[in-house]
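This is a predicted model, so every value here is computed, not measured. Just so you know, ligand 1 is whichever comes first in the structure, and atom 1 is the first atom listed for that ligand.
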Amino acid sequence: MADAIERALALLEDVTPLAADCGQVCDGRCCQPSADSEGMRLLPGEQELLADDGFVFKDADGGVLLTCGGRCRREMRPFMCRVFPLFPYVDGSGRVRAVYDPRSFRLCPLTRNRARVPLRRDFVRAVRRAGRILMQDTACAAFLREQSREIDDINRLLTLTDERPPIARRKLR
Ligand code: SF4
Ligand code: SF4
């Protein structure tokens, strides 16, 4: 289990949604602690790999939640932070795609402006590849499927998965 997670995390170590630091535009909103956030959901078995003094772990329905103080060591950031605002979505036949996570809509300007601001191709590919690696692990596969069904539920209102893949069509400078 740890091996699949480590490989998935490593794939996402250096890639970022844009060539520039998107946090400069929104003041790093996805890292700002908020009163209505219940925390970041971790992959099954991921907690054991995360060692940062600022992390607090809490058992919850369906897994472990992480809360942070808005700062962490970059190499320790969890999977969900690495793929944000995308998610490796698993469809009914088990195929993995990188899609905008509709749960990022309220927070992230990249999701809201997705038609005008394409994401880096290597980031999108890394999210998809990481998902495929995690699908080789039974517990992580169950987690991705469960999260994907949650995305389906939200997308009955917001249809972000039906749009074209979030890849840059033009070479980004
Ligand atoms: S909220 Fe979106 S745009 Fe802002 S830092 Fe996070 S991923 Fe980047
Ligand atoms: S764990 Fe790190 S990357 Fe994730 S929200 Fe907290 S500070 Fe940001």
**Request:** Using non-hydrogen atoms of the residue, decide whether L110 is closer than 4.0 angstrom to ligand 1.
**Result:** yes
**Message:** For R149, I'd like to know if atom CZ has over 12 heavy atoms of other residues, nucleotides or ligands within 6.0 Å.
**Reply:** yes
**Message:** Could you check whether R103 makes a cation-pi contact with F87, meaning its NZ or CZ is under 6.0 Å from the centre of the six-membered ring and within 45° of the ring axis?
**Reply:** yes
**Fill in**
atom 5 (S) of ligand 2: closest protein heavy atom, distance to 0.1 Å, is C30 O, 3.6 Å
**Complete:** Besides V25, the hydrophobic cluster formed by Ile, Leu, Val, Met, Phe, Trp and Tyr side chains linked at under 4.5 Å, directly or via other members, contains none
**Item:** Members besides L107 in its Ile/Leu/Val/Met/Phe/Trp/Tyr cluster (side-chain heavy atoms under 4.5 Å)
**Value:** F84
Donor-acceptor pairs under 3.5 Å, side chain of residues 52-62 to any protein atom, not counting sequence neighbours: which ones?
unit_1 : atom_1 : unit_2 : atom_2 : d
D52    : OD1    : G54    : N      : 2.8
D52    : OD2    : R73    : N      : 2.9

**Prompt:** Can L65 be reached from M76 by stepping across I, L, V, M, F, W or Y side chains whose heavy atoms are under 4.5 Å apart?
**Reply:** no
**Message:** Can a side-chain donor-acceptor contact be found between Y89 and D152 if the only test is distance below 3.5 angstrom?
**Reply:** yes
**Complete:** Exactly one candidate in I133, D137, L134 meets side-chain contact (heavy atoms from CB on, under 4.5 Å) with R7; the answer is I133
**Request:** With heavy atoms of F55 as the reference, note each atom of ligand 2 found under 4.0 Å away.
**Result:** 1 (S)
**Message:** Check contact between F84 and ligand 2, using heavy atoms of the residue and a distance below 4.0 angstrom.
**Reply:** no
**Message:** Restricting to distances shorter than 2.8 Å, give the number of protein N, O or S atoms close to atom 6 (Fe) of ligand 2.
**Reply:** 1
